[in-house]
Amino acid sequence: MQGEQYLNPKRIPTIWCPGCGNGIVVHAMMTALDKLSVPSEDVIFVSGIGCSSRTATYAACDNIHTLHGRALPVATAIKLVRPDKKVIVMSGDGDSLAIGGNHLIHAARRNIDLTLIIFNNSIYGMTGGQVSPLTPSGKRGTTAPYGSIEEQFDTVKLLEGAGASYIARSGVSFFQPTVKYMKNAVSHNGFAVVEVITQCPIYYGRMNKHKSPAEMMQWQKENMVSLEKAEKMTEEERSSKILMGEFVCKEKPSYIEKRASMFKELCK
Amino acid sequence: MKKIKDIWQGAEACAYGAMKAGLDFFAGYPITPSTEIAEYLSAMMPKKGKTFIQMEDEIASIVALAGASMAGAKAMTSTSGPGYSLMQEGIGYACMVEAPLVVCNVMRGGPSTGLPTKVSQGDVMQSRWGTHGDHPAIAISPSSVQEMYSMTIEAFNLAEQYRTPVTLLTDETITHMREKIEIDPDKDPPLVRRLCPTCRENYLPYGTFVDDVPVIANLGDGYGTSVTGLSHHDDGFQTADYSISRALIERLSRKVEKHSKEIFDIEVWNEKASIMLVCYGITSRSVKALLARNKECGGGLDIGMVRLKTLFPIHEETLWNSLAHAKHIMVPELNLGQIVHEVKRIVGHQIPVSLISKTGGELINPDELCEEVVKINHAR
Amino acid sequence: MKKNKIKIHKLRCKSCGICVSFCPKKVLAQDESQRLYVLDPSECIGCNICSQVCPDFAIEVIQENEEN
Ligand SMILES: Cc1ncc(C[n+]2csc(CCOP(=O)(O)OP(=O)(O)O)c2C)c(N)n1
Ligand code: SF4
Ligand code: SF4
Ligand code: SF4
């Protein structure tokens, strides 16, 4: 398998349920790293707590599994101590947008040189299927048995407003685009985020009447459209679709660059 | 570094001590009365190419310290009551993953927002048991500007030696007051740095120990170090195995407890006195003033002092030996009674122990202390 | 002409059926106990989709020349 060298074989199979999409996100990341030829010694994986956050522990690279919601500040510090390394954060939608929401917007505002992958399974997997900030309105979770009456975040708009300089969205059914966005994110200077829509067949799927993991992935194929395709659609057609692609990709001084110039100025 | 003889603020001495100790990374969030420490460091650190970062809150600050520390940096934060409460989950994480770091908690009146600008000693037990679960704790208590310098260095040394978080438990008054300080770099203690492995073969992050302290490669050194706050194996991977989990929890506490004799530091005046005052931090200044006044007046009161420079861990035998001659022990504290319970536990079965408590944001002055001591003296 | 070798890591496969559903040539199938097997390797076009949709790093398609 491409990218196998970034995985710790002793820790596989993963704890994830059969058909859980998390492994596809991991596979895409490892493939992206392989395509970029990043030596595994040059990567540090950081994650919080959640099913998806177990990712860090499966890496053959240096890795740190932190606290629920706190991967970003830990990663920020690691990057500041080791700016020569690629620091990659793997996080769930609850981890990064609920308990870690404050850290998320501030990491974006700082434009700190990190890659963040958000595993969007629309639910809290690890704790048994409670609603998350990305649960679509009307969908069910164990703490919203009659359907969620809350609005979900639009991750892209949220991050753009907060100042992230690279933002992409993909889904696990779209492997090649996902790999491409991850490659671009890892190579990007500044705060780069890829939201990957994935499936939790065990909780989200069962509670929202999806028949199987495969059916959930087929659902993505039918309901996600690229930005290019969306352009040719009517407003109405577009409104029922989830857009995917690279939404933001801009050059702007990163935190590490700014710190370097401050140090240079002061230590003259 | 040059010799210094000056009048400094406690906060400045702390910042200077941290720089002397080799501080690489500071992350914090402003809170009275600790903010001056961060402000001093924000000016000092970038000039030495060291990272100062103001985080979005105290939770971010403490976990940033854990990350920086695991990547090899000497890391510190400063905070006060509400911020210290927010940091507790992160402090437990640092205990579990064995991240050396220093938290300077400048005590102010609590609970909650309480008395932001007033002194207190209300966080003593929080510095021991603030985070959940069984865990090691080291807390040291400076009582002068001079000690804000020397104990900050000591805090780093202890953290690095035992790979665990250390609390520098100070207070509003000591942090804000200005007094004489003398620094002679030749007299500073040697600096301690954690051990790192030198061989990648068969490397296990939690598999090699020197005196129960693991020899972990820094993140970024490419050893394949794996770190988790879950109960873990020697390879850093999670496990819920009973015997591994139990051994881990026991070792974490043991690595500190078995050195409590070396760590525990006290200052004793008039060891043979019949009334001994056990004190720490700012309160010991009032005790010392009372003892000095008593001496000047011909020593009418048979009083002595044990000042706890270390609050945790307490080496029980050392404390017992310093108090064994006493007929009565008094513990002045700026709280409703915290360290007094430790003293009672250790000597209370043989010697009566009483509390002199003051809360509300004011210091216990020597007159008030004197009154309490005289009462006991009469009763005896 | 290319021949493709489909390698299933039995210890990793969790029998989720995603690859079966996504294979465009219906090369893969599951038996009554859900175990994955290769129905007809000659149909495989080497598109690698099965490997890309597998969440458990459990299936690989190695393209080989017939001469080798
Ligand atoms: C401070 C704290 N609060 C709550 C929890 C319990 N908890 C663990 S994981 C989790 C949610 C996980 O959801 P998400 O981040 O979306 O990841 P997923 O499991 O879906 O991959 C929660 C609430 C915790 N570990 N720590
Ligand atoms: S509970 Fe859901 S998210 Fe967690 S491993 Fe199972 S399928 Fe995946
Ligand atoms: S490579 Fe393509 S055709 Fe061959 S088994 Fe996999 S999915 Fe089917
Ligand atoms: S997708 Fe992977 S885990 Fe699922 S059945 Fe196919 S090979 Fe097995």
Side-chain angles (χ1 to χ4, degrees), chain A residues 8 10-11 15 39-49 53-54 56-87 99-100 102-107 109-110 112 255 259-260 262-268, chain B residues 24-27 43-75 89-94 96-97 99 101 200 205 216-230 232-233 235-238:
Chain A
N8 185 338
K10 282 190 235 134
R11 299 179 178 184
I15 56 152
S40 55
E41 300 80 44
D42 286 351
V43 183
I44 305 172
F45 277 101
V46 184
S47 57
I49 297 289
S53 289
R54 291 290 173 105
T57 70
Y58 297 124
C61 319
D62 284 354
N63 63 78
I64 177 164
H65 181 233
T66 68
L67 290 170
H68 189 32
R70 315 303 169 200
L72 281 171
V74 174
T76 298
I78 292 172
K79 183 70 187 183
L80 289 169
V81 176
R82 292 305 301 258
D84 55 326
K85 302 289 162 180
K86 296 276 182 206
V87 181
I99 191 165
N102 197 26
H103 308 312
L104 179 70
I105 56 176
H106 289 278
R109 177 179 63 83
R110 288 187 188 105
I112 175 81
Y255 192 94
R259 182 185 68 166
M262 176 175 72
F263 283 173
K264 213 171 139 201
E265 190 62 29
L266 288 169
C267 304
K268 268 200 294 231
Chain B
D24 299 301
F25 185 92
F26 183 99
M44 295 158 101
M45 294 181 74
K47 285 197 208 153
K48 302 267 181 229
K50 309 278 185 186
T51 298
F52 173 95
I53 184 168
Q54 180 175 320
M55 296 302 287
E56 50 273 20
D57 58 28
E58 288 86 350
I59 301 175
S61 305
I62 188 76
V63 298
L65 255 55
S69 171
M70 293 310 285
K74 285 195 174 183
E89 189 195 11
I91 291 174
Y93 179 75
M96 188 60 147
V97 304
L101 52 88
R200 278 161 206 260
I216 307 174
N218 296 324
L219 293 174
D221 286 350
Y223 275 63
T225 294
S226 198
V227 176
T228 178
L230 287 163
H232 45 267
H233 281 280
D235 67 351
F237 195 52
Q238 68 244 15

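In the text below, chain A, chain B and the rest are named by the order of the sequence lines, each starting its count at 1.
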Of all of [options], which one pairs up most often with chain B through heavy atoms under 4.5 Å apart?
options: A:L80, A:L67, A:T76; answer: A:L67
options: A:I44, A:V46, A:V87; answer: A:I44
options: A:A260, A:P73, A:G69; answer: A:P73
options: A:H103, A:M262, A:K264; answer: A:H103

With a 4.5 angstrom heavy-atom cut-off, is it the side chain or the backbone of [X] that approaches chain B, or both, or neither?
X: A:R259; answer: side chain
X: A:R109; answer: neither
X: A:F45; answer: neither
X: A:I64; answer: both
X: A:T57; answer: both

Criterion side-chain contact (heavy atoms from CB on, under 4.5 Å) on B:L219 and A:R82, from CA distance to verdict
CA-CA 9 Å; B:L219 293 174; A:R82 292 305 301 258; over 6 Å; no

Note: A:R110 and B:Q54 closest approach over all heavy atoms is NH2-O, 3.3 Å

For residues A:A77 and B:F25, report the shortest heavy-atom separation together with the two atoms involved.
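So the minimum-distance heavy-atom pair works out to CB-CZ, 3.6 Å.
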
With side chains defined as the heavy atoms from C-beta onward, is the minimum distance between [X] and [Y] less than 4.5 Å?
X: A:V81; Y: B:N218; answer: no
X: A:T66; Y: B:V63; answer: no
X: B:F237; Y: A:N8; answer: no

Among [options], which has the most heavy-atom pairs under 4.5 Å with chain A?
options: B:D57, B:D24, B:T51; result: B:T51
options: B:G224, B:G220, B:G67; result: B:G220
options: B:A68, B:S226, B:A64; result: B:S226
options: B:E89, B:K50, B:K47; result: B:E89
options: B:L65, B:D221, B:V97, B:I62; result: B:D221
options: B:G92, B:A217, B:A71; result: B:A71

Atom pair CG/CE of A:L72 and B:M55 - distance to nearest 0.5 Å
9.0 Å

Measuring from A:K10:NZ to B:H233:NE2, what's the distance to the nearest 0.5 Å?
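A:K10 atom NZ to B:H233 atom NE2 measures 11.0 Å (nearest 0.5 Å).
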
Under 4.5 Å from any heavy atom of chain A, what part of [X] do you find: side chain, backbone, both or neither?
X: B:M70; answer: side chain
X: B:A60; answer: both
X: B:Q238; answer: side chain

Whether B:D235 and A:R11 form a salt bridge (side-chain N of Lys/Arg under 4.0 Å from carboxylate O of Asp/Glu) is what I want to check.
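A salt bridge is present here (some side-chain N lies under 4.0 Å from a carboxylate O).
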
